[in-house]
Every structure is written in C-alpha cells, then in structure tokens.
There are 2 protein chains.
Amino acid sequence: MAELELDERKVKILNAIIKNYLETGEPVGSRTISKYTDLNLSSATIRNEMSDLEEMGYIVQPHTSSGRIPSDKGYRFYVDNLIQAKNQEVSEMKEWMIEKTEKMENLLKQVAKVLANNTQYATMISAPSVMKNRIKFIQLSVVDETQILSVVVMEGNIVKNKIITVDAPLDNETMLKLNMLVNTNLNGLTVNEINLGLITRLKEQAGAHGEIIAQVLDTVADTIQEGADLEVYTSGTTNIFKYPELSDSKRASELLTTFEEKQSLVEFLSDNDGNDTGIQVYIGDESPLSTMKDCSVVTATYELGDGVKGTIGIVGPKRMDYENVMDNIRSLKGQLDKILHND
Amino acid sequence: MAELELDERKVKILNAIIKNYLETGEPVGSRTISKYTDLNLSSATIRNEMSDLEEMGYIVQPHTSSGRIPSDKGYRFYVDNLIQAKNQEVSEMKEWMIEKTEKMENLLKQVAKVLANNTQYATMISAPSVMKNRIKFIQLSVVDETQILSVVVMEGNIVKNKIITVDAPLDNETMLKLNMLVNTNLNGLTVNEINLGLITRLKEQAGAHGEIIAQVLDTVADTIQEGADLEVYTSGTTNIFKYPELSDSKRASELLTTFEEKQSLVEFLSDNDGNDTGIQVYIGDESPLSTMKDCSVVTATYELGDGVKGTIGIVGPKRMDYENVMDNIRSLKGQLDKILHND
DNA sequence: AATTAGCACTCCATTCGAGTGAGTGCTAAC
DNA sequence: GTTAGCACTCACTCGAATGGAGTGCTAATT
C-alpha cells in the first residue's frame with residue numbers, strides 16, 4: 001500500500017488478466033498469466049502481484065481459491081487507458097452501409113441494426129430531441145368537411161403529421177390565410193419557442209377565425225411533441241443470449257423488459273454529459289439503470305445541428321470488446337454527423 | 001378402441017386433466033382427478049380411463065409412470081369444444097381503454113399493449129394491408145428549391161409522407177396543376193390500381209411537366225408501399241419468461257428473435273384463412289413458425305372496411321388460458337372494428 | 001360387468017459423499 | 001526480489017442411495 005500508482009509491471013499483468021478474461025469469460029489464474037505475458041515470471045511471483053492488485057481493488061476473486069476477474073475499477077482503468085491510447089492514433093474509419101434515407105425513423109432503425117450486427121451486442125438509438133429542432137415548413141390542408149391535415153416539416157426533414165377535427169368546414173380562402181399565418185410566424189422556431197403569448201398574438205391577428213387558429217396552433221404544437229419521448233429504436237436485443245453471464249432467465253428477462261419498455265432507455269440516453277470526445281462508457285454500477293448493473297454501456301451523441309442531439313448506445317456484458325465497440329461507435333457517430341449535416 | 005367418439009365420462013375426465021394442467025403446468029395424476037371431479041370414482045377407475053384416453057391420443061405421459069399431460073390433439077379437442085360452447089352464450093364485452101387516436105400506428109401499439117397486459121402473454125398486431133386501402137387525399141407542397149413534400153392520406157386516416165427531391169424548382173402554378181392532377185385521378189384508388197398504364201396516361205396529360213409528374217407519381221406509389229411489409233407491432237414479448245416451459249435460454253432466445261425480426265410474424269399474420277368467427281387457434285405444430293412449436297397462437301382479423309384487413313395475435317405456452325384469451329381477443333376485435341368503421 | 005383395493009414396479013428428482021482439478025497463500029530456499 | 005514446494009480451499013462432476021408420485025395389473029368387491 002506504499003504507492004497509490006500502479007508500477008509498469010502491475011499494469012502489464014492487469015492488462016493481461018483483463019484481455020484474457022474478455023476472451024474466455026473464465027476467471028484467470030496465475031499460471032495462465034505467467035505463460036501468457038512476455039515478462040518471464042513464475043506463477044508464484046504473479047500470485048504476489050495479483051494479491052497486491054486485489055488489495056488495490058482492480059481485481060476480485062469470485063470464490064476463495066479461484067482465479068481473478070476484473071472489478072469495475074479494473075475495467076475502468078483498462079477503458080481509460082484505451083481511450084488515451086486511441087486518441088493518439090488515427091483510427092481508420094470503416095465505411096458503413098447506411099443508405100441515405102428520406103425518413104429519419106428509417107435511418108435510425110438502420111443504424112441500430114447495422115451496429116448490432118457489427119458488434120453482436122444490443123444497441124439503442126434515440127431520435128434527436130424534437131424540442132430544440134426548428135420548424136422548416138407547415139402545411140395545412142382540407143381532407144373533408146370536418147378534417148384538416150396538418151403536416152410539419154422540421155430540420156433534418158423530420159415530418160410530423162396529424163388529422164385535426166374541426167366543427168365547421170373551412171373555405172379555401174381561410175385555409176390560404178391560415179397557411180400564410182402559420183408559415184410566416186412559426187417557421188424557424190423551435191417547439192419551445194411556441195408559447196402561449198405567441199399563440200394569443202396570432203389568434204388576434206386571425207380576427208374572425210381566432211378560435212380555429214388557436215385550435216390549429218395548439219394541435220400543431222401537440223403534433224410535434226407527440227410521442228417525442230418515446231422515439232428510441234433498439235436492435236439486436238436478443239444478442240444478450242450470446243453471453244452466458246447475462247442469459248440466465250432472471251437477468252435476461254429484466255434486461256429485455258428494460259429494452260421493451262423504452263421509457264427508461266430514453267432517460268438514460270438523454271442523460272449524457274458529453275465529454276470531449278462525445279463517447280461515454282458506463283461500467284456496471286456506473287450505469288443509471290439498475291437492470292444494467294451487470295452490463296457495460298457505451299454511448300455517443302450525434303448532432304443534427306444547432307444543439308439538436310441524439311444518442312447511440314451499445315449494451316453488452318462487462319467483458320465486452322471495448323476496443324472494437326468504441327471504434328465502431330466512433331466511426332458511426334462520424335458518419336451520422338456527416339449525413340445529417342450535408343442534408 | 002370400439003368407439004371413435006369419447007363418451008361423456010371420458011370428456012369430463014379429459015377436461016379435468018386439461019384444466020388442471022393449465023393451472024399447474026405439472027403432469028396430472030389419477031388421484032388428483034379422482035378428487036377434483038364430481039363424478040365419484042376411485043383413482044383406479046380413472047387410471048383405466050386415462051389409459052384409454054392415451055391410446056386414443058388425447059393425452060401423453062412425459063415419462064413412463066408419471067402423470068399425463070394433454071397432447072396437441074387433446075388441446076385441439078378442448079379448444080374446439082370451447083368455441084362451440086362460447087358461440088352460444090352471449091359474451092359480455094369488457095370495455096377497453098383504447099383512446100381513439102388520430103394515428104393508426106399509435107392505435108395499434110396501444111392495442112398490442114392493452115392486450116398483453118390483460119392476458120400476460122406476448123402479443124402482435126399487423127397494420128391493415130395498405131395495398132388494398134384507398135387513397136383519400138394527396139397533397140404535394142414545396143419545401144424548398146429542390147424538395148417537395150408528398151403527403152398521402154388513406155382511408156382510416158393513415159398518413160404516409162415522403163420528401164421528393166427534384167432537379168429544378170417548381171413554380172406555384174405547376175404545383176397547383178400537379179395537385180389537381182393527382183387528386184382528381186388517384187383519389188379513391190388503391191395502390192394496386194395505380195399501374196404503369198395510368199401513370200403513362202397522366203404523364204401525357206401533364207404535357208411539358210411529364211417527367212416531373214412521372215417522378216412524383218412513382219414516388220407517391222413508393223411512399224405508400226414503403227415499409228408496408230414491416231408494420232407489425234409487438235408487446236409483452238418478455239411475458240414468455242413467466243412460463244418455465246418457454247423460458248429456458250435456447251427456446252426464449254429463439255422466440256424473442258422471431259419477435260424482434262418481424263418479418264416472419266408478418267407472413268404469419270397475413271396467412272390467416274379467416275373462418276366464420278374470424279378467430280383462429282394454432283396449437284403447437286399447427287403454427288407455421290417452427291420457433292413457436294411449443295406455443296399456442298390465437299389470432300383474429302379486424303377490418304378497416306372494404307376488405308382491408310389486419311390481424312391481431314397472441315402467443316403463449318400451449319397451456320394458455322384459452323378461454324380468457326379468446327374472450328379478450330374477440331372483444332378487442334369487436335372494439336377495433338367499431339372504432340375503425342365509425343371513423 | 002363395472003368398480004375398487006392392493007401391490008409391485010418404474011422413473012424422476014433430490015441428496016449425499018467421494019473424487020478431481022484449478023488455483024491460492026504461505027514458507028523456506030535461491 | 002524471485003521461485004519452488006506444499007497444504008489447503010472450493011466449485012464441479014459423477015454415481016449411488018433414497019423417497020415419492022404415479023402407473024399397470026390382478027384379484028376382490030359390489
């Protein structure tokens with residue numbers, strides 16, 4: 001306990017333990033390390049070092065007298081080192097098979113799927129927060145006597161629509177006026193900026209049709225927000241069965257339930273602090289979701305522009321292939337940023 | 001083997017066996033039945049009868065000298081009897097908490113969720129086949145120089161939209177003409193009826209803007225079909241973990257994968273023959289999906305009108321509570337038909 | 001002729017203990 | 001500081017023993 005830092009040899013041994021455990025999923029013993037590493041040390045020496053590492057909290061024994069596995073702190077050390085190392089080297093980007101698609105929804109589903117296939121973990125992706133996104137264009141049209149269709153196009157060509165039911169039929173002239181009114185006043189605004197004051201002002205301007213306007217505006221605001229909280233897409237959730245430590249009935253059930261009821265995922269994904277690289281790793285208990293306490297989660301945010309952000313996430317066992325996952329997610333984030341900005 | 005039919009006593013015993021097994025999930029023995037039923041018979045007599053029932057194929061022994069469980073044929077007998085009995089009595093409908101919602105998608109998701117909650121099984125629901133659905137209204141509008149928004153409203157207020165990219169900007173007059181053209185010619189048609197001939201004819205009528213028209217029309221047709229094959233919503237898939245016989249790792253994984261990759265569900269749901277009542281029960285191997293060979297599936301079709309159909313389905317263990325499930329699904333089908341027709 | 005009591009038998013599930021092997025911690029020697 | 005050696009721990013596997021639920025058959029009963 002004299003030193004707080006790990007000396008070079010301990011680092012090597014710790015890395016060897018972790019790497020081996022990532023591959024096998026089995027506790028790793030001193031003999032294995034003694035042969036695995038290039039530093040020529042006997043198993044006894046390794047045992048001493050491992051004893052130290054355990055005391056420092058980097059590794060733990062599942063049971064007395066079995067090999068060691070990394071603790072959350074051990075993984076954290078490993079991942080932090082990885083990030084440092086990776087930041088220096090230029091990671092060559094894989095090209096992704098993402099077709100540029102008109103619909104945000106399809107794009108996101110596709111991204112989740114590709115990522116799940118590539119990594120063999122479960123993935124999730126949240127749509128860019130609609131609240132901060134700007135309105136590009138609004139179209140109101142008459143469907144029949146009592147129904148009006150409202151279509152709102154936002155930045156990034158996200159389209160929202162809704163059928164509005166009105167009491168009395170609207171003539172062409174009124175519709176024209178309505179369209180003019182909403183487009184001149186609302187285009188360029190975000191949902192947050194459409195407040196009651198603005199609505200009242202427009203209502204006055206509309207004169208005779210004030211009530212209708214109010215109703216339509218209300219519904220437009222509603223339309224945009226509707227279901228906004230639930231737009232998370234998942235893919236590869238059944239990949240968790242590939243990892244024995246997650247696939248016992250109880251754990252699998254809990255995890256999959258979390259994925260099915262997207263609500264908590266949404267909160268998780270909108271939670272990100274966003275450090276410098278935009279990539280964040282949650283190991284075990286670091287995750288805000290208790291059902292994921294036996295998992296690691298890697299997230300990254302992508303931008304649609306102007307602070308409008310969404311988040312991608314990968315969920316796997318703690319012994320996930322962090323290197324591959326981070327490469328993948330970094331590359332994908334780049335692609336996504338590019339696609340969305342060129343739009 | 002003298003008679004082919006089951007006498008009344010055998011029917012009673014078979015029913016008792018099945019009912020008991022539905023509750024417990026354990027093989028049921030002769031002593032249990034001897035006490036369970038009102039016909040006062042000793043276990044020995046029951047054993048003789050059970051021996052007969054086994055020979056006839058209605059029940060099986062998991063192992064020599066353990067209780068009996070129903071065979072698929074046994075379940076089938078039970079279910080068929082149930083249907084007959086139920087058809088006579090007027091089943092009082094539960095009222096469902098389905099809010100009438102503007103969007104078909106939300107409606108379906110909600111239905112799946114309610115049904116899953118009520119039955120505690122996994123549910124799935126397919127959207128009404130868009131191919132046979134009629135176009136109610138089309139709106140084309142200019143978003144910016146190169147982008148046109150096309151919105152198609154179909155019967156049942158299903159809204160489809162897509163951004164169309166064009167080479168040259170279109171002026172107001174052309175847009176007006178385009179809108180007139182598509183609305184007068186396409187409204188009331190189904191996707192199937194928009195064929196190449198029609199498109200060519202419209203193209204001629206459009207004269208100078210023929211190329212644009214063609215492109216727009218193509219895209220409109222595309223829009224409607226887009227993703228049409230994938231519109232299946234599932235809910236409560238993790239309920240399968242409530243039933244031990246389905247929740248071992250391998251089976252659960254296969255089943256959930258089937259639910260995740262909706263493709264095969266779509267095929268299943270569009271497969272229905274639709275008998276008189278519209279409700280169909282698949283027991284074990286009767287199901288077209290091999291991953292569901294240990295399950296039972298109950299489906300019902302609902303109508304949006306004019307032959308435009310969708311299907312609801314419930315997936316659970318073979319020992320599902322058929323009575324409750326069929327009640328639920330029948331009631332829900334009714335509700336759904338009502339909601340969709342009043343629209 | 002149908003039903004029942006009695007009994008031997010089967011087979012699953014559980015428990016128990018011995019044996020095995022990977023791995024550790026400690027001590028003493030290098 | 002490093003290593004060899006050794007006793008010890010503990011999960012895991014395997015087979016035998018046990019118990020219990022349930023059957024099938026036969027003989028007795030109604």
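Within every chain, numbering begins at 1; the chains are lettered A, B, ... in the order of the sequence lines, protein sequences first and strands thereafter.
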Which heavy atom in [X] sits nearest to a heavy atom in [Y], and how many Å separate them?
{"X": "A:Pro62", "Y": "A:Pro27", "value": "CG-CG, 4.0 Å"}
{"X": "A:Thr24", "Y": "A:Arg319", "value": "C-NH1, 4.4 Å"}
{"X": "B:Tyr121", "Y": "B:Asn239", "value": "O-ND2, 3.0 Å"}
{"X": "A:Ser264", "Y": "A:Leu289", "value": "CB-CD2, 3.7 Å"}

Plane angle bin for B:Tyr21 and B:Tyr75 - parallel if under 30°, tilted between 30 and 60°, otherwise perpendicular: tilted
Rounded to whole angstrom units, what separation is found between the [atom1] atom of [X] and the [atom2] atom of [N]?
{"X": "A:Ile59", "N": "C:dG23", "atom1": "CD1", "atom2": "C1'", "answer": "13 Å"}
{"X": "A:Ile46", "N": "D:dA4", "atom1": "CD1", "atom2": "P", "answer": "12 Å"}
{"X": "A:Asn20", "N": "C:dA22", "atom1": "CG", "atom2": "P", "answer": "15 Å"}

Ionic contact status for A:Lys19 with A:Glu23, cut-off 4.0 Å: no
Side chain proximity check, B:Asn20 to B:Thr32, heavy atoms < 4.5 angstrom: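 B:Asn20 reaches B:Thr32 side chain to side chain.
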Heavy-atom protein contacts under 4.0 Å, nucleotides 19-26 of chain D, coded B base, S sugar-phosphate only, - none: ---BBBB-
B:His63 vs C:dC12: side-chain N/O to OP1/OP2 distance below 4.0 Å: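 Answer is yes, contact under 4.0 Å.
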B:Ser71 side chain to B:Gly57 backbone, donor-acceptor under 3.5 Å: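 The answer is yes, because a donor-acceptor pair under 3.5 Å joins these two groups.
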Difference in axis direction between the ends of the helix from C:dA1-D:dT30 to C:dC30-D:dG1, five pairs, 10°: 20°
